[in-house]
K.L.:
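Quick one: this structure, given as structure tokens, is what I'll be asking you about.
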Amino acid sequence: MKVDRFKKEIADIVSREFDRLLSDLKVSEPELYVFKPDLLYKRIGTPKNPEMGTYALPLFELAKKVKSNLIEICQKLVESLNAAVEKDKRYSHLSFSAVGGFCNIKVKNETLAETVLTDILNKGEDYGSSDLGQKKKIVIDFSSPNIAKPFGVGHLRSTAIGAALHRVYDKLGYEPVGINHLGDWGTQFGKLIVAQRLWGDEAGEDDPIKRLFNLYVRYHKEEEEDPSLSEKAREAFKALEDGEQDEAELWMNFREVSLDSFRELYSRLNVLPLFYELDKYGESFYNDKMDAAVNRLKDAGLTKISDGALIIDLKKYNLPACLLVKADGATLYATRDIAGILYRWETFRFEKALYVVGSAQKDHFKQVFKVIELLEEAENTPHDERISPRLEHVEFGWIRFKDQAMSTRKGNIIFLEEVLDKATALAREMILEKNPDLKDIDRTAEMIGVGAVIFADLSTRKHIDVNFDWKAVLSFEGETGPYLQYTHARLCSLLRKYGKTIPADIKYSVLDRPEETRVLELLYKFPHVISETAETNEPYYISLYLFELASAFNKVYQRKDDSGRIIKIISDDKSATSARMALVKSMQIVIREGLVLLGIEAPEEM
RNA sequence: GCCCCCGUAGCUCAGUUGGAUAGAGCAACGGUUUCCUAAACCGUGGGCCGCAGGUUCAAUUCCUGCCGGGGGUACCA
């Protein structure tokens with residue numbers, strides 16, 4: 001948790017003053033939060049209306065506890081606090097006011113501006129970085145598409161969220177390990193092999209992925225008419241598992257074709273470098289590691305046979321039994337995940353392992369994590385070497401389309417590639433209309449189109465289902481990626497026009513308008529937003545923040561004086577201009593860095 | 001049946017872990033540019049915060065029940 005310097009100062013001084021004010025009380029109410037800086041720290045919030053102050057401390061509970069008049073005690077506190085900061089220079093940038101039952105605290109603008117802007121300008125893109133993680137490894141299992149199926153918009157969520165978390169942990173000094181748990185094994189390959197043999201020649205279609213997809217859809221359609229197909233598919237998969245050459249060759253081909261197309265897509269999404277050996281750690285990687293895992297569970301006395309299958313009963317924990325080996329001897333994905341956890345622990349000794357997988361798999365991960373926990377109990381693993389407390393399912397809601405879950409089998413799926421292409425084409429049109437002289441139009445259009453799609457995906461809380469809405473994804477106005485990029489381009493444009501380096505001696509006191517204060521407060525918040533994102537594994541906090549920040553700056557940019565004229569950033573007033581340009585430069589750094597964390601590129605012109 | 005998630009403006013969603021007059025974007029309507037990028041900014045209208053209880057100085061937030069939507073519930077992933 002990143003410590004807020006101002007908040008800490010407030011907690012300290014309030015606690016100190018309360019100690020003095022109510023020293024007689026301390027004996028009867030020693031547990032009262034106002035006496036303890038750390039508890040106070042947590043109570044300090046921000047006022048609804050920013051004009052009331054930077055921070056707010058509600059005192060209702062206190063008044064009740066000490067049975068005194070709320071307004072009176074609030075006033076008394078504020079008076080004594082203001083007297084205290086007058087005497088103590090270290091706190092002279094704080095001022096307090098009593099409103100209702102709240103003690104509102106204002107940080108002097110000049111101090112805030114100087115603190116924030118010098119910090120950002122000194123650190124540059126490292127603003128918000130830390131060494132908190134001490135290079136500890138965070139394994140992030142994300143994206144994980146199925147081989148031989150097209151990459152649908154549904155896979156975007158895991159990819160975008162996982163990639164954002166990867167970058168956030170990296171910024172906080174951890175060493176993230178991005179693992180793509182490719183769905184490259186399982187009965188669907190039996191189906192595909194059968195389909196390929198039956199209709200492979202008539203499939204047409206140049207794009208090899210779409211060809212496979214058509215075969216897959218056709219298989220499921222024909223299977224409804226001819227149930228004997230599913231028996232053939234099972235046999236084909238069995239042959240694959242037994243290492244038969246024909247089947248293995250087909251499988252290898254499916255895999256390579258898919259990986260080629262995934263690589264291209266990942267590269268467009270700016271996530272390709274985040275994977276640790278992209279093509280290695282698919283499900284098939286664990287084929288030769290499952291026996292050992294299963295035996296270990298058996299030896300621990302956890303398993304039993306039920307209806308011919310090997311299971312671990314989890315009824316005690318209110319969970320369905322975990323199936324390890326099917327009656328026919330084949331393994332399941334839970335088996336692979338268990339083997340995967342054990343392998344990853346041996347290989348990486350991670351601090352945490354995150355599974356960025358849809359919430360439909362919630363019970364699955366509960367089961368798998370519980371099995372690991374039971375194993376460690378049975379084996380008496382020392383507590384600091386246990387894996388189970390380090391495992392976390394980072395779940396997210398479905399992407400649905402017109403109130404239907406998307407289903408590859410039925411063929412109602414939207415290709416991510418198609419979405420990116422459409423968004424990019426639209427961005428291109430927009431550039432041609434608004435800025436036809438732009439140098440690198442195609443490249444910029446790609447940045448904007450892809451940025452719009454990623455931001456749309458990361459701008460709602462991850463756990464709720466989202467309706468895929470073409471209109472929302474292809475919108476470039478309001479709460480969108482392009483809005484942020486546009487703001488960034490505008491900042492860059494200001495910097496170009498200014499054309500000088502920001503001077504060192506800046507008169508921070510000129511940044512005294514409420515709109516500017518708002519921007520400063522938000523800039524100050526950036527490091528906290530990053531650490532909050534890591535604590536909750538919720539990248540949308542960054543999206544939300546960036547939108548607030550951009551919006552706050554655009555208000556500064558277009559504010560008007562009393563006669564209705566825009567107050568320009570760059571003017572004849574040198575000291576005002578250099579202070580504002582310090583703000584502009586800081587803004588540009590933070591918004592760019594925030595976009596980078598989300599995987600969105602920040603063009604300097606658009 | 002049991003378990004989990006969701007229900008806030010016409011639509012899509014926020015609401016800082018219980019605080020002040022519930023906020024944004026889109027859509028609708030009106031305004032702002034002799035131009036530091038209008039992909040922007042300002043304004044107007046629009047709310048039984050699903051319903052009913054409970055806890056609390058204070059509930060959109062926590063608890064219980066109900067209604068509605070979604071997901072999961074051993075040989076798919």
Side-chain angles (χ1 to χ4, degrees), chain A residues 42-43 45-49 52 56 58 60-61 63-65 70 99-102 104 144 146 183 185-188 283 306-311 313-314 318-328 330-334 336-337 357-364 366-367 395 397-398 400 403 405 409 427 430-431 433-435 448 456 459-461 463-467 469 471-472 475-480 482-487 489-498 525 528 532 536 540-541 544 547-548 550-551 554-555 557-560 564 566 568-571 580 584 605-606:
Chain A
K42 284 184 197 156
R43 294 254 164 181
T46 48
K48 272 261 144 70
N49 181 350
M52 296 188 194
F60 304 89
E61 190 188 357
K64 174 115 194 283
K65 277 261 170 66
L70 174 67
V99 182
F102 291 89
N104 291 330
S144 310
N146 290 319
W185 205 247
T187 37
Q188 80 259 28
E283 288 190 71
S306 166
D307 292 338
L310 187 71
I311 67 158
D313 190 1
L314 299 172
N318 207 15
L319 285 168
C322 181
L323 241 171
L324 296 171
V325 183
K326 296 199 280 187
D328 66 4
T331 55
L332 288 107
Y333 75 130
R336 287 187 275 279
D337 269 338
V357 182
S359 51
Q361 254 106 292
K362 193 171 179 144
D363 278 356
H364 163 71
K366 272 192 193 163
Q367 289 174 294
E395 57 184 296
W398 288 93
R400 306 193 303 146
D403 293 327
R409 294 185 181 191
M430 204 106 160
I431 295 170
E433 179 194 322
K434 294 176 188 273
N435 194 3
I448 296 169
S459 60
T460 56
R461 291 191 81 110
H463 66 272
I464 61 173
D465 291 352
V466 294
N467 273 306
D469 178 359
K471 225 171 77 193
S475 158
F476 297 166
E477 282 169 25
E479 207 173 331
T480 65
Y483 172 84
L484 302 178
Q485 291 170 318
Y486 180 76
T487 306
R490 180 181 257 175
L491 290 158
C492 289
S493 170
L494 283 168
L495 288 165
R496 277 194 301 274
K497 181 165 189 214
Y498 182 65
K525 230 175 103 178
H528 304 99
E532 190 183 20
T536 54
Y540 109 105
Y541 282 128
L544 202 67
F547 177 67
E548 278 184 338
S551 164
N554 282 325
K555 286 183 170 83
Y557 183 80
Q558 295 202 41
R559 74 191 157 168
K560 293 173 176 171
I566 297 239
K568 291 195 175 180
I569 304 275
I570 299 171
S571 71
R580 288 176 192 149
V584 166
E605 269 182 89
M606 63 188 267

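As the structure is a computational prediction, the values presented were derived from the model and not from experiment. Proteins get letters first, then strands, A, B, ... in listed order; numbering begins at 1 in each. Because only heavy atoms are used, hydrogens play no part in the values below, and waters and symmetry mates are left out as well, while side chains stay in.
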K.L.:
Quick one: classify the glycosidic conformation of B/U17 as syn or anti, with syn meaning within 90° of 0.
P.N.:
syn

K.L.:
Is the shortest side-chain N/O distance from A/His463 to OP1 or OP2 of B/C6 below 4.0 Å?
P.N.:
yes

K.L.:
Can you check whether any acceptor in the base of B/A20 is under 3.5 Å from a donor in the side chain of A/Asn104, or vice versa?
P.N.:
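A donor-acceptor contact between them is present.
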
K.L.:
Considering only B/A77, B/C36, B/U17, which nucleotide approaches the side chain of A/Leu494 most closely?
P.N.:
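Within the option list, the nearest is B/C36.
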
K.L.:
Under 3.5 Å for both donor-acceptor distances, Watson-Crick or wobble: does B/C62 have a partner, and if so which one?
P.N.:
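The answer is B/G54, by the H-bond criterion.
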
K.L.:
Could you tell me whether the phosphate oxygens of B/A77, OP1 or OP2, come under 4.0 Å of any side-chain nitrogen or oxygen in A/Arg336?
P.N.:
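Yes.
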
K.L.:
Look at A/Arg43 and B/G18 and indicate whether a side-chain polar atom (N or O) is within less than 4.0 Å of OP1 or OP2.
P.N.:
no

K.L.:
Closest approach of A/Tyr541 and A/Thr536, non-hydrogen atoms and distance?
P.N.:
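Looking at all heavy atoms of both residues, the closest pair is CE1-OG1, 3.3 Å.
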
K.L.:
Strictly below 4.0 Å: does A/Tyr483 bring a side-chain N or O up to OP1 or OP2 of B/C41?
P.N.:
yes

K.L.:
When you check the phosphate oxygens OP1 and OP2 of B/G71, does a side-chain N or O of A/Lys362 lie under 4.0 Å from one of them?
P.N.:
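The answer is no; no side-chain N or O of A/Lys362 sits under 4.0 Å from OP1 or OP2.
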
K.L.:
Can you tell me how far P of B/C13 sits from CG of A/Asn467, to the nearest Å?
P.N.:
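It works out to 6 Å between those atoms.
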
K.L.:
5'-most contact on RNA chain B: A/Gly183 or A/Arg559, nearest heavy atom basis?
P.N.:
A/Arg559

K.L.:
A/Tyr540 has a side chain; which of B/A20, B/G15, B/G25 sits nearest to it?
P.N.:
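Minimum distance to the A/Tyr540 side chain belongs to B/G15.
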
K.L.:
Find the partner of B/G43: check Watson-Crick (N1-N3 plus N6-O4 or O6-N4) and G-U wobble (N1-O2, O6-N3) distances, both under 3.5 Å, and reply none if neither fits.
P.N.:
B/C29

